[in-house]
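Right, one structure below, let's go through it.
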Amino acid sequence: MTTLFQQIQNLFERTYTSIGINLEDCLVDSTRSRQLAALAGAQCAELAEHARTFLRAVDGQLRVGIYYSQWLIEQLERHDPRAGIGEQNIQELIAFVEEIDHALHAALAFRRGDTPNREESYARNLELQAHVDTYLVLLLFVAFFRKDRKISKKDRKWLRFHLFESRSGQGYEDPTIRARYAETTALARKYTRYLESLATSRRIEEIRIFHALPYADKQQHILALEYGARQTPASPPDNLQE
């Protein structure tokens, strides 16, 4: 039986491209997570304890470690998103999907010559991409459980609250991390609204172009779309379908 992890990785790879490795093999336990967190430095102490992705380049190879706490795994096993998503598992599912997304896009970036580093733009690029991709994955989950496969305004509002409005970054003490989450969340909120206005085939084409852009170019792209939207009447959004 295919695991939830494998299903999500497969979905991302169908959307972008195969990375040639099973990211599930990169899962690490709590002991290894603590070791990698110590190597990562002080900033890592403020990041989420229940789900983390560790990246580094060694001898021309990308090393990836993905950690999920036992508590998070138990929550997703008790409330399997494949049986439905709600208040009981939405935040856990977001954390689960985002770490897979971080690892996958880090691997794709590495292929393009972009190695993991401590530059803020590198971290923000992964965060922005994860916000966007996770929102689209959540829409697919919601649509799957609707008889007509259509997503209501109430569904979208609920997803946006959990992914964007409730995660502004204000809970972080470190000003760099706080600014990182505030900015990437705001950008993702704007960009996903634009994606919702596109037909499914056009949406896929758009996100494939978007994901390969450097962070500064992603910012400019979103700002340009926002400016264009103010100049042109908005089209009614299409319902997302799997």
Side-chain angles (χ1 to χ4, degrees), residues 8-20 23 53 55 62 64 94 96-117 119-143 151 156 159-160 162-165 167-169 179-232 234-242:
I8 292 171
Q9 180 178 346
N10 290 341
L11 174 60
F12 285 146
E13 289 186 316
R14 288 197 303 271
T15 301
Y16 300 108
T17 188
S18 173
I19 59 173
L23 288 174
T53 298
L55 304 165
L62 178 66
V64 179
I94 289 172
F96 190 80
V97 173
E98 285 190 337
E99 301 312 319
I100 300 172
D101 193 81
H102 287 331
L104 183 134
H105 282 285
L108 293 177
F110 189 76
R111 283 184 180 178
R112 299 191 298 269
D114 191 3
T115 60
N117 59 69
E119 294 293 328
E120 184 61 19
S121 61
Y122 184 87
R124 293 193 186 202
N125 202 10
L126 290 181
E127 288 299 334
L128 173 56
Q129 190 67 52
H131 292 335
V132 171
D133 286 342
T134 300
Y135 181 67
L136 297 177
V137 168
L138 295 178
L139 286 174
L140 291 178
F141 268 92
V142 171
I151 302 167
R156 296 178 193 276
L159 290 177
R160 286 185 168 279
H162 282 286
L163 191 56
F164 303 135
E165 278 73 15
R167 308 169 79 217
S168 64
R180 179 191 306 165
Y181 281 91
E183 181 174 87
T184 56
T185 300
L187 289 170
R189 184 189 300 117
K190 294 173 183 177
Y191 186 59
T192 51
R193 287 200 181 281
Y194 167 70
L195 291 176
E196 288 178 343
S197 73
L198 303 177
T200 302
S201 59
R202 178 69 182 88
R203 185 184 310 121
I204 293 173
E205 178 186 358
E206 166 66 26
I207 61 177
R208 284 174 175 167
I209 294 171
F210 180 79
H211 93 95
L213 296 176
Y215 183 66
D217 290 351
K218 280 185 169 73
Q219 287 178 292
Q220 291 303 313
H221 183 62
I222 293 170
L223 292 174
L225 291 173
E226 184 182 24
Y227 176 79
R230 289 199 296 266
Q231 306 303 310
T232 306
S235 300
D238 293 302
N239 288 309
L240 288 174
Q241 297 185 25
E242 189 170 9

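This structure is a prediction, so every number in the text was calculated from the model and none was measured.
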Can you confirm whether Tyr194 sits close enough to Glu206 that some side-chain heavy atom of one is under 4.5 Å from a side-chain heavy atom of the other? yes
Measure the acute angle between the ring planes of Tyr16 and His105, then classify it against the limits of 30° and 60° as parallel, tilted or perpendicular. perpendicular
Is any side-chain heavy atom of Phe12 closer than 4.5 Å to one of Val97? yes
Between Leu23 and Leu104 the two heavy atoms that sit nearest each other are CD1-N, 3.9 Å
Mind running side-chain contact (heavy atoms from CB on, under 4.5 Å) on Ile222 and Leu128 for me, showing each step along the way? CA-CA 11 Å; Ile222 293 170; Leu128 173 56; 4.2 Å; yes
Minimum heavy-atom distance between Arg124 and Ala179, given as atom pair plus value: NH2-CB, 3.6 Å
With Leu136, which of Leu138, Leu140, Thr134, Leu139 fulfils side chain to side chain contact (heavy atoms under 4.5 Å, CB included)? Leu139
Has Lys218 got a side-chain atom pairing as donor or acceptor with Phe210's backbone, closer than 3.5 angstrom? yes
Measuring only between side-chain heavy atoms, which start at C-beta, is Leu225 closer than 4.5 Å to Lys190? no
Just by distance, do the side chain of Arg203 and the backbone of Leu198 share a donor-acceptor pair under 3.5 Å? yes
Any heavy-atom pair between the side chains of Pro214 and Asn125 that's under 4.5 Å? no
Ignoring hydrogens and angles, state whether a donor on the side chain of Glu183 or Tyr215 is under 3.5 Å from an acceptor on the partner side chain. yes
CD on Gln9 to CG on Leu11, rounded to 0.5 Å: 10.5 Å
Nearest heavy-atom approach of Ala107 to Leu62 is CA-CD2, 3.6 Å
Hey, are the side chains of Leu55 and Leu126 touching, using non-hydrogen atoms and a 4.5 Å cut-off? yes
Using modelled atom types only, decide if a donor and an acceptor are shared between the side chain of Thr192 and the backbone of Arg189 within a distance under 3.5 Å. yes
Do Tyr135 and Glu196 pair up side chain to side chain, a donor and an acceptor below 3.5 Å, judged on atom types alone? yes
Distance, nearest 0.5 Å, that separates OG1 of Thr184 from CD of Gln129: 11.5 Å
Specify the closest pair of heavy atoms between His102 and Ala130, including all atoms of both residues, with the distance to one decimal. CE1-CB, 3.5 Å
Polar side-chain atom of Thr53 near backbone of Glu99 as donor-acceptor pair, under 3.5 Å: yes
Minimum-distance pair of heavy atoms, taken over all atoms of Asn117 and Thr115: ND2-O, 3.0 Å
Please name the pair of heavy atoms, one in Tyr122 and one in Ala106, separated by the smallest distance, quoted to 0.1 Å. OH-CB, 3.7 Å
Could you label the plane-to-plane angle of the His131 and Tyr181 rings as parallel, tilted or perpendicular, counting under 30° as parallel and over 60° as perpendicular? tilted
Ile207 vs His211, test: side-chain contact (heavy atoms from CB on, under 4.5 Å). Steps then yes/no. CA-CA 6 Å; Ile207 61 177; His211 93 95; over 6 Å; no
